Amino acid sequence: MKRKIPAVLVTGFLGAGKTTFLNEVIREHQHLKMALVENEFGQQSIDQDLIVGMQSENVFDLSNGCICCSISNEFSLTLLELASKTGEIDFLLVETTGIADLANVIKPFYEDRELKEQYTLAGSVCLVDAANFDQQMSEREQQMQVILSDLLIINKTELVSDEELKAIEKKLTAWNGTAKIIHSSYGKVANFRLEAFSESVQGKLEKKMAEPVMFRLVKSKKYTTFTHEFPGTISISRFKYWFDYFAAINQREIYRIKGILFSEDSPNKVVVQSVGGATSYSEGSLIVPGETPNNRLVFIGKEIDFERIGYELDRYLTKN
Ligand SMILES: Nc1nc2c(ncn2[C@@H]2O[C@H](COP(=O)(O)OP(=O)(O)OP(=O)(O)O)[C@@H](O)[C@H]2O)c(=O)[nH]1
């Protein structure tokens, strides 16, 4: 069977250091055959000229629209064409615009049948500008990029004090409690390995999900985070029957769902994710003998009807 090409989405605040980070990644991964899709909406793309150390035929500049909306078809077609050149790439990097709706960039990887056959979404990275944090975090696009990403890189750390850095990290954790958070200056991240990206962010997610829930319901002015737990092993097909439909019809209110499930039929936990109503299931770590099965789902959204979630889950998962 053909190996799927792992894809990493690189997003982040305007000027936060996405291109600088990508250059570092490319320099540190010369042993991999990589392709890069650049999306510079509404401007003459200059980022392509700023990318160094990569063969130009593997850099794709989609600058006549936004890959999250107006040229999403062109984006998918470019990826499919790339994948058809068997053996030419080991890894795909996608740099989105600072104002991209990340949900719409993630969704094709979960939903598009052809894309799913060729690619596996390893995860999303969000570059956060430490020097302009509060100002940029007031923008909805940035908030969503933080909520939807798996790895948050606080860049430009040399421009802020340790106290400011701690405060930024605390605020980011409040926005996205399951993402991995690391620091960098000029995009340099120690020991960042693309090959281990998926395992590393998934490991972090599982670890965070296993921690005791301090607050089941956290409400801020704009968003609500709600954690639902239920014990025992479950039928994943039965769960999917409920969850895929639930996520799709509630996509306006619920932006992100992440969960760890204990399946009746698998020795591994199941990691479930939903973004903008599209869902994905992947294999998690092995269930340790003696581990108590405790399924957990974290919902992030606007107006979450948490009583209904508990009620529906009970109803769908009850076998009798
Ligand atoms: N002081 C400081 N400047 C940085 C750092 N990282 C990047 N820069 C500078 O910030 C500017 C923007 O960096 P880019 O890498 O182009 O940022 P970007 O996110 O790709 O920018 P857009 O694509 O325009 O949104 C450049 O002048 C970089 O040299 C950092 O860690 N510290």
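FYI, side chains are in, hydrogens and waters are out, and symmetry mates aren't considered; it's all heavy atoms of this structure. Quick caveat, the model's predicted, so the values are computed rather than measured. In this chain, residues are counted from 1 in sequence order. When a ligand or atom number is given, it counts from 1 through the structure's own listing order.
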Treating Glu206 as the side-chain partner and Ser285 as the backbone partner, does any N or O pair qualify as donor plus acceptor under 3.5 Å? yes
Contact atoms of ligand 1, heavy-atom distance to Leu159 under 4.0 Å: 1 (N)
In ligand 1, which numbered atoms sit nearer than 4.0 Å to a non-hydrogen atom of Phe13? 19 (O)
Begin from the C-alpha positions of Glu283 and Lys269 and carry the test salt bridge (charged side-chain N to carboxylate O under 4.0 Å, His left out) through to its verdict. CA-CA 6 Å; Glu283 194 173 81; Lys269 291 170 213 166; over 6 Å; no
For Leu14, the ligand 1 atoms with a heavy-atom partner under 4.0 Å come out as 25 (O)
For ligand 1, which atoms, with element, lie under 4.0 Å from some heavy atom of Glu95? 20 (O), 23 (O)
Residues passing the salt bridge (Lys or Arg N to Asp or Glu O under 4.0 Å) test with Asp134, sequence neighbours excluded, are Lys171
Heavy-atom gap Phe21 to ligand 1 smaller than 4.0 Å: no
Glu24 and Arg27 ion-paired at < 4.0 Å: yes
Heteroatom distance test (Glu158, ligand 1): nitrogen or oxygen, under 3.5 angstrom: yes
Given Gly12, Gly187, Gly17, Ser184, which has its nearest heavy atom closest to atom 17 (O) of ligand 1? Gly17
Would you call Leu127 a ligand 1 contact, heavy-atom distance under 4.0 Å? no
Considering only NZ, NE, NH1 and NH2 on the basic side and carboxylate oxygens on the acidic side, decide whether Glu95 and Lys18 come within less than 4.0 Å. no
Donor-acceptor list for residues 245-255 side chains, cut-off 3.5 Å, not counting sequence neighbours:
residue: Asn250; atom: OD1; partner: Arg308; partner atom: NH2; Å: 3.0
residue: Asn250; atom: ND2; partner: Phe246; partner atom: O; Å: 2.8
residue: Gln251; atom: NE2; partner: Ala248; partner atom: O; Å: 3.2

